[in-house]
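Heads up, the thing below is written out as structure tokens.
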Amino acid sequence: MIVDRIVTWARMKSPWIVHFNSGACNACDIEVLAALTPRYDVERFGILLKGSPRHADVLVCSGPVTLQQKERLKTIYEQMSEPKFVLAVGTCASSAGVFNGCYGVCGGVDTVLPVSAYIPGCPARPEAIIDGVVKLLKSLKK
Amino acid sequence: MGIALFDIIVFPGFIFLGILSLVAEFTDRKLNARLQNRVGPPWYQPLADFIKLSTKETIVPESASSRMFRALPLFALASASTAFLYIPIWSTTSLFPFSCDLIVVLYLLTVPTLTFFLAGWFSSSLYSEIGSIRTMTQLFAYEVPLYMALLGPAILADNWSISGIASYYYIHPLMALFNIPGLLVSLVAAQGKLERAPFDIPDAETEIVGGTFTEYNGRFLAFFRMSIDVELVVVATLIAAVFFPLFTPANAIVGFLIYLVKILFVIFLLAVLRTALARLRIEQMVSFCWRILAPLALLQVLIDLIVKGVLAH
């Protein structure tokens, strides 16, 4: 259907992100912010940082999910409207990393939410984050 | 009946205004990016944003008033689009001119701001309520300088209709030079009207999440964004019609190209202001508007009164 193709095209060309720290050491957050600076200019791909989860399509999570943040992460995810995607940035978000098994940590982001793409790295470089978002969007086509 | 439908749907109705507003948003964002030494979004970006938002799931918060939440974006879009009917484009008369339509257009441009306030208020979220109170506070600050800056040229032209003002300055183009303070004041006040930096205090995303639109999503957010873009076009057209008296009533095609150049120039000035200046706090904004902008607008009215008195003798 041509309408479906237009809608998929629009979704691929306009991913708005909201950034959430689920317990990271801040290194990945700084890299996410670096990816949003004019140097990398992600507005070329239509990526905009939005303050409100209601406006966003992609939830960018960094860090292992702590027990404190678990419910908040779920709430943020439920506030977003469909279609929505979750991006795990960094080793901790992908698998809890060195914090695996820690008493206050329940694991990577995928223990709480369905994750669409993992971006490993400690911290993940801005180029890797942009590459991850672009790959996630390309997978929409299929 | 057929002509009325054509006016509403094609020109200067939704299709024409929709395309023009997408072009305006793209120009604004691209200029903003280029001024920051970035590449900026591709030309289809506003269209992709609109299609994506209008096909997303729409969530109405449980505590929000559902009927108002759904109706307000349409009010904003309708009143911003209606204001366009009374502003001359290439000839010196608009489609439906009547006496005193300047005041009507200014009030039609106030209606979207009121809907932003009500939208924030009825979504009953803490952030959106703070945003809507800021919208109202800001409205009282920029509205008076904006009105006075546009009434100055009206006094000199001795006509309160935008078509009358346009045809007066078309016959006496040198008179437009007296209105330069008014042009500057209305450019700065228009930033407040359109809620852009340095006056984007109501939707300051670093302080209050999404401001008045925090709870809005899906197609309602798309309509609100569309109405802000239409407002940008209408404000640019209004400033161009009142302060830049370049019209060609004889030739519509050349006149339309001149019109495009004029509004793109106004949007360029607005984009430079947006990029160069940082956001003010709300009380700084109010004191700036009342201490600097309002006296400048009064000066504009005074200049026009004096010029009119000298010309009368």
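Order of the sequence lines sets the chain letters (A, B, ...), proteins ahead of strands, with each chain counted from 1. A quick note: this is a predicted structure, and the numbers were derived from the prediction, not measured.
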Practice item. Could you tell me whether A/Lys50 atom NZ has more than 12 heavy atoms of other residues or ligands within 6.0 Å of it? Key: yes
Check your understanding: Heavy atoms, side chains only, cut-off 4.5 Å: are B/Ser128 and B/Ser123 in contact?
Key -> yes
Practice item. Measure distances from A/Lys84 to the heavy atoms of chain B and classify the residue's part below 4.5 Å as side chain, backbone, both or neither. Key: neither
**Study point:** Atom group of A/Trp9 that falls short of 4.5 Å from chain B, counting heavy atoms
**Key:** side chain
Check your understanding: In a check of side-chain hydrogen bond (donor to acceptor under 3.5 Å, both in side chains) between B/Asp200 and each of B/Arg279, B/Arg134, B/Arg274, which one passes?
Key -> B/Arg279
Check your understanding: Which answer fits B/Gln45, side chain, backbone, both or neither, if we ask what part of it has an atom under 4.5 Å from a heavy atom of chain A?
Key -> side chain
Study note, to complete from the structure: Of A/Gly46, A/Gly51, A/Ala10, the largest count of non-hydrogen pairs under 4.5 angstrom with chain B goes to A/Ala10
Exercise for review: If the plane angle is over 60° it's perpendicular, under 30° parallel, otherwise tilted; pick one for B/Phe220 and B/Phe69.
Suggested key: perpendicular
Check your understanding: B/Phe224 and B/Phe213: aromatic ring centres closer than 6.0 Å?
Key -> yes
**Study point:** salt bridge (charged side-chain N to carboxylate O under 4.0 Å, His left out) assessment of A/Lys135 paired with A/Asp131
**Key:** CA-CA 6 Å; A/Lys135 276 183 182 155; A/Asp131 187 45; 3.2 Å; yes
Point to revise | Residue A/Met12 versus chain B: region with a heavy atom under 4.5 Å | key: neither
Study note, to complete from the structure: Of B/Pro42, B/Gly218, B/Gly40, the largest count of non-hydrogen pairs under 4.5 angstrom with chain A goes to B/Gly40
**Study point:** For chain A, the option from B/Ala48, B/Pro61, B/Ser54 that forms the most heavy-atom pairs under 4.5 Å
**Key:** B/Ala48
**Study point:** Which portion of B/Ile51 sits near chain A, non-hydrogen atoms under 4.5 angstrom
**Key:** both
Practice item. Please flag which part of A/Ile47 lies under 4.5 Å from any non-hydrogen atom of chain B: side chain, backbone, both or neither. Key: neither
Exercise for review: Might you confirm whether atom CD of A/Gln68 has over 12 heavy atoms from other residues, nucleotides or ligands at distances under 6.0 Å?
Suggested key: no
